[in-house]
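Just below is one structure, and these are the notes that go with it.
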Amino acid sequence: MDTDTILSGLNNKQLEAVTLPQQSALILAGAGSGKTRVLTTRIAWLIQTGQVSPMGLMAVTFTNKAAKEMLTRLTSMLPINTRGMWAGTFHGLCNRLLRAHYREAGLPSTFQILDTPDQLSSIKRLMKLMNVDDEKYPPKQVQGYINSCKEEGLRAHAVDAYDAHSQKLREIYEEYDKQCNREGVADFAELLLRCYELLERDAHIRQHYQSRFHYILVDEFQDTNRLQYLWLKLLAGTSNCIFAVGDDDQSIYGFRGARVGNMRDFESDFNVQNIVKLEENYRSHSNILDAANAIISHNKHRLGKNLWTSAGKGEPVRIYDAYNDTDEAQFIVDEVNTLQSEGIALGDMALLYRSNAQSRILEHTLFSANIPYRVYGGLRFFERAEIKHALAYMRLIANANDDTALLRVINFPARGIGARSLEQLQEAARQQNCSLWQAATNKVGNGTLGGKGIDGFVGLIREMVNQAYGISLPELAELATTLSGLKTFYENDKEGEDRIANLEELVTAAVAFSNQDFGNHNNVEEDLDIVTQFLNHASLEAGEHQADVGREALQLMTVHASKGLEFNAVFICGVEEGLFPHEQSTYENNGVEEERRLMYVAVTRARQRLYLSHAQSRMLHGQVRYGIPSRFLDEIPDALLKRLNSKPAPKPYATGGNYQATSSSQQYPFKIGQSVRHAKFGEGVVVSYEGNASDLAIKINFGREGLKTLMMEYAKLEKI
DNA sequence: CGACGTCCCCTTTTT
DNA sequence: GGGGACGTCG
């Protein structure tokens, strides 16, 4: 394509962004405003006009999917080979850089990547070794602590710790890093931090990359954390420019360290002259867009932006007030059927929810109604237990000192190595300050301690290493699944059919991986064996969420998972106080603002039809909970709405469940679940009673006012 | 040593 | 309601 063709069809703002001069810029790109298009066209334009070569720029995204999408679009515009280009995720690029300079980074050439569950088990193992009370220090929290420290760019020695508790945490962090180094593994955050430290420490390497990447383009900038920002800043140096695309209103990852504040910092740190706002939306009808704008306008901390569209008003936003969660699900089923008969494809409809726990009842109802659906966000291919087992064998063949891998499979399939033998092994390793594998092999030599099973395991791994010599990657995968006994184990398991199929799929994946022209992961600087590459690929790119793609099916996912997608019709369910906004969020700083952005993301997924539903009661954690409609619903102007059941027929509160059946509700003034009004707290729902008749207290969920316990005598409640 | 039962806790998620 | 962790029994 020539330059004109590349730029054709862009609106003025998009064009302005794409053709900005060589200086750092911030593009505020609203939902559906053509963000990805601008980013890719910018790259194409820079290359086409000869301002930069494909090798002289770096493009960073958060997900592999986004990276792939970008490259696909790029190749459709320019006849260039994208292989070898530095385009990928933060983690992928850091990994690549670390592989190229593993010595300078202080890593073994075959270093493995620890994924989240692996990291957790590594931490648990360490804490046991250190004799840390896991009641006082829940491993999950320790993991969170370590990761957030790393994401702030802080090593253990640099972390503040004032009291005994935080000092202990810091100590665990320090020991954990030592353990990782000993085992030659790096967790996700470590890839970034290690890379950052390398660039900071080694002027030679830093200058090499600084003089190479004159243009750095960053997608979803609002999701960057502190460390990622520092990393970008380091690479940019004093003369390179960063083209940052993002939307502060769609920042929904604060809980994992994303700092929207990076956008403001970027503005001043990089002396940004141009903030281009892309506000024309090409996705939704205006009723939907106006609803989204109205909601988000309630947030205080915004850079400011208002989406508009030249599409018509379209349908009103529909609100359904369900009696309970089953009713809500049934309503959706009915509506989906109607929409389908009106010609909307099932695959073009999405069912969004705030938390995964909500999906069960929806799935159940859809299943009963024979509506095909697909749930996103379950276990992914490389995260499945059987696959991780097989990979662990492969990892051991590559590097037997990988304790995490060893522990995963030393007794799986069971070979008679119990807790006692394991304890002895770990003790031996601790004493000799060596890996478990080394301890195990030493033990085989001197015949100490009852290690019959361990001997067998050592023999097995050695045999595998023997047979692995000189074979191809698929053959190695095959070896890891058969010789290990995994396949036999699952063959004898009555529910092992799927697992066997997955193991076979792993071999297929290995074939596909070795056939690809290994471009994506390597370049001249790297000379990695394909096994390491494959294992990397498995950790960094865990694979598609679900297998049966292509089948026409209703799309189910959390609101988080829906970011970046769009559908003709969208159902957002569970729009209740406590659920959306989530209860937990109201305790956090600016938590509700993030929830509101989440709602904004959800609403802007819809092109033509939008449904918001809430239920008066639902099962949550095995208990019936009562909720009132979300405050976000009140934030949408009535003119945009159509209430499908303006006053829901008050159904008998005892149907379906047996709750309250035993308590003598007779003596209570209001039924559980009754909506009431209080002079000060406003509208609420009766949750329960406490105390006895003479001294009765009533517990009411007032939504945004929270849960209140009031003395019946003084409460002055009014039925609604 | 391993299978089975019981208790506890519970957002959101990518790499 | 359901998964993970732990404890007991065979």
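So you know, we letter chains A, B, ... as the sequences are listed, proteins then strands, and number each from 1. Keep in mind that this is a model prediction, so the values were computed, not measured.
If you measure from atom CG of A:Leu120 to atom P of C:dG3, you get 18 Å, rounded to the nearest angstrom. Going from atom CH2 of A:Trp231 over to atom P of B:dT15 covers 15 Å, rounded to whole Å. Summarising the geometry, the separation between CZ on A:Arg415 and P on B:dG2 is reported as 11 Å, rounded to the nearest angstrom. As a whole-Å value, the separation of A:Leu98 CG from B:dT15 P is 18 Å. Taking atom CZ of A:Phe580 as the reference point, atom P of B:dT11 lies 16 Å away to the nearest angstrom. A:Phe111 has its CZ atom 13 Å from the C1' atom of B:dT15, to the nearest Å. For A:Gln584 and B:dC10, the CD to P distance is 8 Å, given to the nearest whole Å. Distance CE (A:Met619) to P (B:dC10): 18 Å, rounded to an integer number of Å.
With hydrogens and angles left out, the side chain of A:Thr116 and the base of B:dT15 share a donor-acceptor pair within 3.5 Å.
Counting non-hydrogen atoms under 4.0 angstrom, A:Asp223 reaches nothing in the nucleic acid. Within 4.0 Å (heavy atoms only), A:Arg354 reaches at least one base atom of the nucleic acid. Residue contacts for A:Asp187: at a heavy-atom cut-off of 4.0 Å it reaches no nucleic acid atom on any strand shown. If you check every strand for non-hydrogen atoms under 4.0 Å, A:Tyr253 touches sugar and phosphate atoms only. Base engagement by A:Glu595 is indicated by at least one non-hydrogen atom pair under 4.0 Å involving a base atom. In this structure, A:Asn411 reaches the sugar-phosphate backbone alone: every heavy-atom distance under 4.0 Å involves primed, P, OP1 or OP2 atoms, never a base. In this structure, A:Lys124 reaches the sugar-phosphate backbone alone: every heavy-atom distance under 4.0 Å involves primed, P, OP1 or OP2 atoms, never a base.
B:dT12 has no stacking from A:His560 on its base ring, since the centres under 5.5 angstrom apart and planes within 30 degrees of parallel are not both found. B:dT12 has A:Phe255 stacked on its base ring, the centres lying under 5.5 angstrom apart and the planes within 30 degrees of parallel.
Aromatic ring pairs are classed by plane angle as parallel below 30°, tilted from 30° to 60° and perpendicular above 60°; the pair A:His537 and A:Phe513 is tilted.
Between the side chain of A:Ser539 and the main chain of A:Leu535, a donor-acceptor pair closer than 3.5 Å is present. A donor-acceptor contact shorter than 3.5 Å is absent between the side chain of A:Arg354 and the backbone of A:Thr558.
Positionally, the nearest nucleotide of DNA chain B for A:His621 lies more toward the 5' end than for the other of A:Phe188 and A:His621. Residues A:Ile252 and A:Ser539 each lie close to DNA chain B; by heavy-atom proximity, the contact nearer the 5' end of the strand is made by A:Ile252.
Counting non-hydrogen atoms of other residues, nucleotides and ligands closer than 6.0 Å to CZ of A:Arg625 gives a total of 12 or fewer.
The residue from A:Lys563, A:Arg302, A:Arg596 that alone fulfils the salt bridge (charged side-chain N to carboxylate O under 4.0 Å, His left out) condition with A:Asp249 is A:Arg302.
For the pair A:Arg374 and A:Tyr376, the cation-pi test (distance below 6.0 Å, angle within 45°) is passed.
With distances taken from any side-chain atom of A:Ala414 to the nucleotides B:dG2, B:dT15, C:dG1, the minimum falls on B:dG2.
In B:dT12 the O4'-C1'-N dihedral to the base is more than 90° from 0, which defines an anti nucleotide.
When the side-chain nitrogen and oxygen atoms of A:Asn64 are compared with OP1 and OP2 of B:dT15, one or more of them lie within a distance under 4.0 Å.
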